[in-house]
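Read through the structure below, which is laid out as structure tokens, and then see the notes.
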Amino acid sequence: MKQPIATLLLWAAALQVPAGPTAPPVEGAPDAAALYAERCAACHDHPRDRIPPRISLAVYRTPEEIIDALTTGIMRQQAAGLSTREIRALAVGITGKEPAAAGPDPDANRCRATGSTAPPLSTQPGDWNGWGHDLANTRFHGSPGLTARDLPRLKLKWAFAYPSRAAFGQPTVLGDWLFTAGAGRRVYALDARTGCTHWSHATGSVVRTAVVVTRLPGEGGRVAAWFGDDKARVHAIDASTGDALWTVQVDEHPGARVLSTPAYHDGRIYLGVSSNEEVAAADPKYECCTFRGSVVALDARSGRILWKSYTVREAPQPTRINTAGTQMYGPAGGAVFSSPTIDVQRGLLYAGTGDGYTSEGSDSTDAVIALDLATGERRWTSQVRAHDSWILGCESATPGANCPSPLGEDYDFASSPILATLRNGRQRIVAGAKSGILYGFDPEERGHLIWQVPLVAGSSHGGILWGPAVDGKRAYVATSRYDYGTGRGPGGLSAVDLATGRLLWTHPAPVLDCAWSRDRCSQGQIAAVTAIPGAVFSGALDGRLRAYAGRTGKVLWQFDTAQDFPAVNGGTARGGGMDFGGQIIAHGMLFVHSGSTRTRGNALLAFSIDGK
Ligand code: HEC
């Protein structure tokens with residue numbers, strides 16, 4: 001598909017406005033240009049690292065999305081104290097567009113209206129529930145309802161369009177029910193066979209996690225669903241009706257958020273807490289840094305916090321005054337982005353941690369940690385990289401006053417450590433890092449590092465990002481050399497022997513143009529990988545979804561998701577790059593998100609054998 005003409009016109013218009021919104025202020029109305037200059041220009045007029053340039057906000061973002069980013073999203077700290085009118089004025093000033101009076105109807109395709117009644121909701125073998133399919137986070141489904149030989153017959157059955165711009169997150173499938181948020185401010189229960197909507201639930205903040213669903217013991221059979229949001233809250237809702245049960249704040253830091261899909265086990269839910277502080281810290285006036293990552297255990301029924309265990313052990317203390325006159329704090333960092341892994345047999349929980357933010361280091365950043373399931377007490381820590389302290393904007397020639405020293409590389413563990421069981425019964429903890437290295441640890445020996453294999457050059461966007469899959473023999477690892485500046489870079493899929501860490505095969509992604517153009521078209525494979533007997537699935541930032549033979553890496557099936565599809569809920573579902581969540585294969589169907597915050601796209605796609 002060609003760049004739409006409207007977009008090109010906007011580019012032209014935006015190019016003539018080099019330094020922020022210039023519309024003359026109306027009497028009494030907030031002055032968008034002044035607000036932008038005061039609050040936003042320091043970063044968005046000097047793009048570096050992950051900061052999107054103003055022009056890309058103007059071209060790729062809708063006013064609704066800017067309002068979202070400033071009220072409940074990633075920029076809410078930067079917009080703290082602004083009134084609703086000021087935020088609206090900024091959104092209009094940046095995009096040159098008025099926000100729509102009301103968004104698309106989220107319930108436009110209610111199942112009731114199509115005559116279908118909701119089937120009973122229960123968990124059954126063959127479901128895909130939560131992030132990693134099982135408590136070990138293998139991302140391997142042994143009885144998915146289709147075989148590797150069926151794959152060439154997969155056809156699109158239906159497409160659903162999220163009202164939000166992106167399709168992040170990952171669906172959960174229980175029988176004929178599908179639960180998803182897709183990075184909007186709403187969680188949906190859809191009919192997995194047809195895509196009609198049983199209910200949708202407004203969450204008040206962006207939800208990027210997957211949903212985990214379980215029948216609560218002894219509550220008259222109530223089935224509950226849990227998920228986390230961008231304001232660091234965890235929600236429990238009734239999975240049959242979408243009615244709210246409880247909402248709990250799991251961290252008080254203003255930048256905290258939950259990207260980690262909750263894991264349910266034995267009446268409790270467990271999840272990790274991360275934050276936006278690496279972004280906020282780019283401002284030399286920001287008192288950097290005070291956020292510490294943590295893992296939290298909640299009573300599934302009441303939401304009561306049973307324990308909260310910080311990654312970085314010491315609470316941050318005042319340290320130096322920086323050259324901008326701002327009080328600095330440390331140590332900080334060690335975010336937990338991924339869903340925790342539960343080792344029932346050993347009574348442990350494993351979590352991967354991110355980098356540090358300050359010159360004061362910690363033994364718990366860029367590490368796999370083991371916590372006692374019952375108490376949250378630390379049992380062991382296996383750090384792979386010490387002194388990796390990094391915040392945004394420090395790689396430039398003139399690093400800001402907040403920059404840590406020495407400056408690290410931002411080589412987080414962004415994906416879940418996997419508890420892999422080999423065919424001989426031995427176990428390994430396998431974890432991929434943004435360094436591009438896959439690590440194998442020994443759970444019998446307090447996380448002792450057994451092997452490591454570098455698969456691709458590391459980067460702050462992730463050599464290995466959202467996670468591998470394992471079967472009893474191999475780890476399947478998606479790799480990426482995505483570059484934020486150019487929006488380009490190669491990708492691939494590799495298989496590694498679980499016992500030895502030996503590289504078995506690599507399949508580099510062919511360099512093909514994207515459906516939207518060659519511009520900002522990367523083959524990077526950052527989305528999580530999924531495996532079934534004989535086949536492995538991996539999606540790329542160029543929108544291509546492939547199934548590979550597990551033994552050889554041969555491509556068995558592929559589909560370009562970066563297309564426009566008629567949506568069952570009206571309008572068009574736009575495919576784009578594939579990011580974050582992986583393919584969900586359950587009960588003979590394949591579900592996948594296409595669209596990300598890095599590219600276009602807002603589609604949930606459902607495939608079945610021959611489209612039946
Ligand atoms: C301290 C630097 C900084 C300041 C100040 C700042 N931003 Fe940002 N902004 C960023 C970075 C970095 C990102 C990308 C974050 C990411 O994707 O991790 C971003 C992302 C965004 C996005 C995209 C959000 C999304 O969902 O992808 C919008 C919209 C935005 N900023 C608007 C603003 C506005 C409006 C202001 C002023 C009120 C502002 N920003 C102030 C650094 C900044």
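We count ligands from 1, going down the list as the structure has it; atoms in each ligand are counted the same way.
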With a 4.0 Å cut-off on N to O distance, would you call D483 and R488 a salt bridge?
no
Atoms in ligand 1 with a heavy atom of I51 nearer than 4.0 Å
11 (C), 12 (C)
Does the pair E98/R88 count as a salt bridge with the N-to-O cut at 4.0 Å?
yes
For atom 3 (C) of ligand 1, grab the closest protein heavy atom and report residue, atom and distance to one decimal in Å.
C43 SG, 2.6 Å
Element-labelled atoms of ligand 1 that are located less than 4.0 Å from some non-hydrogen atom of V279
1 (C), 10 (C), 11 (C), 12 (C), 42 (C)
When rounded to the nearest 0.5 angstrom, what distance separates CD1 in I391 from CD in E278?
8.5 Å
Around atom 13 (C) of ligand 1, find the nearest protein heavy atom and jot down its residue, atom name and distance.
P52 CD, 3.4 Å
Looking only at protein heavy atoms, what sits closest to atom 37 (C) of ligand 1 is C40 SG, 1.8 Å
For F291 and A256 the tightest heavy-atom approach is CE1-CB, 4.0 Å
The protein heavy atom nearest to atom 27 (O) of ligand 1 is R61 NH2, 2.6 Å
For atom NZ of K285, decide whether the heavy atoms of other residues, nucleotides or ligands shown that lie under 6.0 angstrom number more than 12.
no
Run the numbers for me: atoms of ligand 1, each under 4.0 Å from some heavy atom of I74, listed by number.
15 (C), 16 (C), 18 (O), 24 (C)
Which residue and non-hydrogen atom of the protein lie closest to atom 28 (C) of ligand 1, and at what distance in Å?
L57 CD2, 3.6 Å
Please tell me whether D107 and S200 have a donor and an acceptor in their side chains that are separated by less than 3.5 angstrom.
yes
Short list, please: which atoms of ligand 1 are under 4.0 Å from a heavy atom of L392?
12 (C)
In degrees, rounded to 10 degrees, what angle do H44 atom NE2 and M75 atom SD make at atom 8 (Fe) of ligand 1?
170°
Please list, in number order, the atoms of ligand 1 under 4.0 Å from a heavy atom of I94.
35 (C)
Give me the nearest non-hydrogen protein atom to atom 18 (O) of ligand 1 as residue plus atom name, then the distance to 0.1 Å.
R50 NE, 3.1 Å
Is the cationic atom of R574 (NZ for Lys, CZ for Arg) positioned less than 6.0 Å from the six-membered ring centroid of W516 and within 45 degrees of its normal?
no
In terms of atom number and element, which parts of ligand 1 are under 4.0 angstrom from non-hydrogen atoms of L70?
34 (C), 35 (C)
Charged N-O contact under 4.0 Å between D229 and R208
no
For Q78, the ligand 1 atoms with a heavy-atom partner under 4.0 Å come out as 4 (C), 5 (C), 6 (C), 41 (C)
Would you mind checking if D564 and R600 are paired as a salt bridge, meaning a charged N to carboxylate O distance below 4.0 Å?
yes
Of W466, F160, Y162, F580, the residue whose pairing with H593 passes ring pair (Phe, Tyr, Trp, His ring centres under 6.0 Å)
Y162
Relative to the heavy atoms of R39, which atoms of ligand 1 are at a distance of less than 4.0 Å?
5 (C), 37 (C), 38 (C), 41 (C)
